[in-house]
Amino acid sequence: MAAALSERDVRAVRRRGKYLWLVLDDEESVVIHLGMSGQFRVGDQGVPGNPAHLRVEADLADGRTLQFFDQRTFGGWEFAALQEVDGELVPAPVAHIARDPFDPKFDPAAVARRVRAKRSAIKRVLLDQTVLSGVGNIYADESLWRARLHGEQPAAGLSPRKTAELLDALAVVLGESITEGGTSFDSLYVNVNGESGRFSDWLAVYGQEGKPCRRCGSAIRREAFMNRSSHYCPRCQRLP
DNA sequence: CAGTGGCCCTGTCTGC
DNA sequence: TGCAGACAGGGCCACT
């Protein structure tokens, strides 16, 4: 990769959901995923990363250094051909990834129809990147709380109105998290300048087990879900 | 073909 | 003090 990237121009940097990619020319790109602990740093600013977790280092033409750190190694870089999908040029590994809520062509009505056509629990559907992208465990829990929905509720049983409400809640949650600088619990999660986000102060249910619900005061519960956790308010978010 | 769940990884924390 | 096990979670893939 180092040899192939040497002296190459990066014409654009694009993203969809949790994937981002560097456009090298009309045919080729480098697809990057942060996994759960990947992060970029511009080397001459902010707090230096842990050298043990430095995976990629690139010297930029302006003299700065771009570094990619990843502690838990779920992230990665790969070369990928660009291909046209639904009127958009995307790398092959991203072809199956649906548009995210910030995409100008994101169609809430169409996504709501797809959600309601799923024979699965609503939280699983929110995490399905082929339905809509950009939503992980934290934002799924937060948006379900906002929309007063239990994650185990069958997606097919949701009314069109409730589904629209959930997608609205999701857009608010994602928007506010970006404003707050992302979800960060410790020094592991920082932006390119080494600054930590404060979104965790803002979380209503995620990681709040035992604490009172902001709306009704009931103790927030945590349950095992797909080898991770679901957090919810037992009073505000009931199964019908 | 859609849906389900196990597993990959590393560092930190908890409980015995 | 030391060690085992739980936990964090995005996405792939084998299985139903």
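All values derive from a computational prediction rather than experimental measurement. A note on names: the letters A, B, ... follow the listed sequences, proteins ahead of strands, and every chain is numbered from 1.
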Ile122(A) and Leu166(A): side chain to side chain contact (heavy atoms under 4.5 Å, CB included), yes or no, with the steps? CA-CA 10 Å; Ile122(A) 186 59; Leu166(A) 175 59; 3.6 Å; yes
Side-chain N or O of [X] closer than 4.0 Å to phosphate OP1/OP2 of [N]:
X: His33(A); N: dG11(C); answer: yes
X: His96(A); N: dG11(C); answer: no
X: Ser229(A); N: dA8(C); answer: yes

Do Gln129(A) and Tyr19(A) get their side chains close enough for a donor-acceptor pair, meaning under 3.5 Å? no
Which sits closer to the 5' end of DNA chain B, Arg55(A) or Asn227(A), going by the nucleotide each is nearest to? Asn227(A)
Could you state the atom-to-atom distance from [atom1] of [X] to [atom2] of [N] in whole Å?
X: Gln71(A); N: dC13(B); atom1: CD; atom2: C1'; answer: 13 Å
X: Arg72(A); N: dT10(B); atom1: CZ; atom2: P; answer: 11 Å
X: Met226(A); N: dG3(B); atom1: CE; atom2: C1'; answer: 11 Å
X: Glu209(A); N: dA8(C); atom1: CD; atom2: C1'; answer: 14 Å
X: Tyr139(A); N: dG10(C); atom1: OH; atom2: C1'; answer: 13 Å
X: Phe69(A); N: dG11(B); atom1: CZ; atom2: P; answer: 14 Å
X: Met36(A); N: dT10(B); atom1: CE; atom2: P; answer: 13 Å
X: Ile138(A); N: dG10(C); atom1: CD1; atom2: C1'; answer: 12 Å

Return yes if some donor-acceptor pair links the side-chain N/O of Arg16(A) with the main-chain N/O of Ile97(A) below 3.5 Å, else return no. yes
Any ion pair linking Lys18(A) and Asp100(A) (charged N to carboxylate O, less than 4.0 Å)? no
Charged N to carboxylate O below 4.0 Å: is that the case for Glu165(A) and Arg146(A)? no
From dG11(B), dG10(C), dC7(C), pick the nucleotide closest to the side chain of Arg228(A)? dG10(C)
Taking any heavy-atom pair under 4.0 Å as a contact, classify Tyr19(A): base, sugar-phosphate, or nothing. sugar-phosphate
Give me the residues of residues 106-136 of chain A where at least one heavy atom lies under 4.0 Å from an atom of DNA chain C, by number, or none. Gln129(A), Gly136(A)
Side chain to side chain donor-acceptor pair (under 3.5 Å), paired with Gln67(A), selected from Arg41(A), Glu57(A), Gln39(A), Arg55(A): Glu57(A)
For His53(A) together with Phe69(A), are the ring centres under 6.0 Å from each other? no
